[in-house]
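In listed order, ligands and their atoms are each counted from 1. For this chain, numbers begin at 1 and follow the sequence in order.
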Amino acid sequence: MKFSDYNISKDIKEQLAVLGFNKPTDIQFKAIQHILDGEDVMAIAQTGTGKTAAFAIPTLDRIHRAKTKYKKSGIKCLVMVPTRELAKQISKVYQEIGKKTNVKTFGLFGGVEQEQQIKTLNNGIDILVTTPGRMFDLISQGAIDITGIQFLVLDEADLMLDLGFTKDITDVMRHIPQKRQTLFFSATISKKIKSLAYDVVRNAIRIQISPKNPVAKTISHSILEVEMDDKRFFLENIIKENPEMKMVVFVRTKVRVERVVAAMERVLIQSEALHGGLEQKERFAILDRFRSGENKILITTDVACRGIDIPDVDCVVNYDLPDNPENYVHRCGRTGRGKNRGQAISFCSESENELLKAIEEYTGDEIDRYDLSLGEYKDILDDTDDGSYNWKKMIKEQNEWDKTEDEW
Ligand code: ADP
Ligand code: MG
């Protein structure tokens with residue numbers, strides 16, 4: 001089936017063709033018709049398989065048709081996402097697909113001035129894509145009215161329903177009409193969240209396009225056993241051996257992110273740090289520079305592990321293993337998007353063996369190990385351009401030499 005065969009408005013179909021969307025992906029094929037038919041949907045499909053358009057196309061179509069007929073103002077669709085970067089990205093997808101319609105989509109997030117946002121809201125919008133924090137601020141200030149919502153979409157739904165956000169979501173549900181469509185999309189769903197999700201969308205159509213292993217088929221992923229202190233030399237090696245590659249490197253904490261960037265700088269590798277401790281404007285600018293290719297090495301925390309769609313990322317490096325196994329799937333999923341193929345390589349030090357075990361239990365498969373001889377391992381350390389490391393090594397060698405001399 002092609003998009004041209006769907007019963008969706010011509011304005012949307014034409015624009016899909018402009019964007020190069022001819023055939024629906026699996027998840028789009030399975031979800032779009034149900035959403036057009038007015039049903040609730042809970043959809044689980046691997047990273048990079050086109051979940052955004054799977055909910056954006058039918059919600060846009062319904063709103064576009066109603067708007068052409070009744071010209072009703074007010075927010076009709078609320079899309080909630082966990083990060084500001086995602087709010088920006090997904091609102092852009094809506095704006096692109098809806099370019100030939102008169103449906104207005106707005107991406108709202110914290111960390112930037114409210115005034116301009118309030119102005120845009122006052123001018124009237126139809127679709128609001130937002131992070132919970134800023135939305136609640138503006139609801140309490142009376143700048144947002146969600147009482148006319150017909151569609152509630154949770155993207156990265158498992159995370160949205162997890163810990164911190166659950167209360168926010170139930171609060172939202174209390175304020176919007178009973179008669180509405182609820183749509184949940186994610187690449188992962190844990191058992192705990194599944195039962196909660198089933199409570200929230202009782203009669204939802206459940207679509208799960210995840211084979212047993214939730215890591216997308218387009219990604220080859222492997223583990224490299226490496227000492228904690230040697231990780232930076234291995235990262236240096238990977239980057240220098242693959243100078244053309246666009247790479248996302250995930251590190252456990254903000255402080256460690258900055259340290260890895262500094263370590264790369266010492267060996268003359270240009271990279272940029274992205275984490276929640278930076279100003280929002282700077283966060284967007286860093287992501288833009290990575291998207292455009294001006295910077296090819298992005299070193300980041302889990303703030304960038306979900307949803308970010310940059311199709312030409314060649315490789316993901318898990319410099320540290322993630323604390324929760326779902327995030328392994330999401331981090332790897334920043335590469336191998338759509339029809340592209342990608343690689344993920346994860347450093348695992350001895351202290352991270354338990355995390356690795358949990359990841360393998362979750363993905364249901366033993367992950368391939370890089371076969372590296374001790375000689376090859378040492379060669380990688382010796383190859384570093386880090387002067388301070390060589391200097392320490394020289395002292396160590398000198399000491400050993402001195403010792404031998406003593407023995408002589
Ligand atoms: P997911 O949310 O499942 O991780 P996205 O919605 O971010 O994936 O989409 C991944 C990529 O696939 C995007 O770059 C998007 O433009 C592209 N894409 C989505 N649907 C189609 C389609 N039907 N045809 C071609 N490309 C598509
Ligand atoms: Mg997504």
Q: Evaluate the side-chain proximity of Gln114 to Arg134: yes if any heavy-atom separation is below 4.5 Å, no if none is.
A: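 Yes. Closest side-chain heavy atoms under 4.5 Å.
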(Q) Test of understanding: given a 4.0 Å heavy-atom threshold, classify the contact between Phe3 and ligand 1 as side chain, backbone, both, or neither. (A)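 Near ligand 1, Phe3 shows its side chain, while the N, CA, C and O stay back.
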Q | Asp309, portion touching ligand 1 at heavy-atom distance under 4.0 Å | A |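 Within the 4.0 Å criterion, Asp309 contacts ligand 1 through side-chain atoms alone.
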Q: Just need the protein heavy atom nearest to atom 18 (N) of ligand 1, so name the residue and atom and give the distance.
A: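 Looking at atom 18 (N) of ligand 1, the protein heavy atom closest to it is Phe21 CZ, 3.5 Å.
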Q: Identify the protein heavy atom lying closest to atom 7 (O) of ligand 1, giving its residue, its atom name and the separation to 0.1 Å.
A: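 Sorting protein heavy atoms by distance from atom 7 (O) of ligand 1 puts Arg337 NH2, 2.9 Å first.
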Note: [X]-[Y] ion pair, threshold 4.0 Å (strictly below):
| X | Y | result |
| --- | --- | --- |
| Lys246 | Asp312 | yes |
| Lys240 | Asp385 | yes |
| Arg180 | Glu39 | no |

Q. Evaluating non-hydrogen atoms only, which member of Gln89, Lys51, Gln28 is closest to atom 2 (O) of ligand 1?
A.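 Comparing heavy atoms across Gln89, Lys51, Gln28, the nearest one to atom 2 (O) of ligand 1 lies in Lys51.
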Q) Given Asp312, Thr52, Ile57, which one has a non-hydrogen atom that is nearest to atom 6 (O) of ligand 1? A)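 When every heavy atom of Asp312, Thr52, Ile57 is considered, Thr52 comes closest to atom 6 (O) of ligand 1.
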Would you mind running through ligand 1 and noting each atom that sits below 4.0 Å from a heavy atom of [X]?
| X | value |
| --- | --- |
| Thr47 | 4 (O) |
| Lys23 | 22 (C), 23 (N), 24 (N) |
| Thr49 | 1 (P), 3 (O), 8 (O) |
| Gln46 | 3 (O) |

Q) Under 6.0 Å between the ring centres of Tyr94 and Phe106? A)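 Aromatic pair excluded; centres sit 6.0 Å or further apart.
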**Q.** Residue pairs fulfilling ring-ring contact (aromatic ring centres under 6.0 Å, His included) with at least one residue in residues 225-280, sequence neighbours excluded
**A.**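 Sorted pair list: Phe233-Tyr389, Phe234-Tyr377.
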Q. For ligand 1, is Lys339 a contact, meaning one of its heavy atoms is under 4.0 Å away?
A.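 No heavy atom of Lys339 comes that close to ligand 1.
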**Q.** ligand 1 N/O within reach of Gly48 N/O, cut-off under 3.5 Å
**A.**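 Yes, Gly48 has an N/O under 3.5 Å of an N/O on ligand 1.
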Q. What orientation do Phe347 and Tyr319 show, parallel under 30°, tilted 30 to 60°, or perpendicular over 60°?
A.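 Correct class here is tilted.
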**Q.** salt bridge (Lys or Arg N to Asp or Glu O under 4.0 Å) pairs, two or more places apart, involving residues 266-281
**A.**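 Found Arg266-Asp386, Glu272-Arg289.
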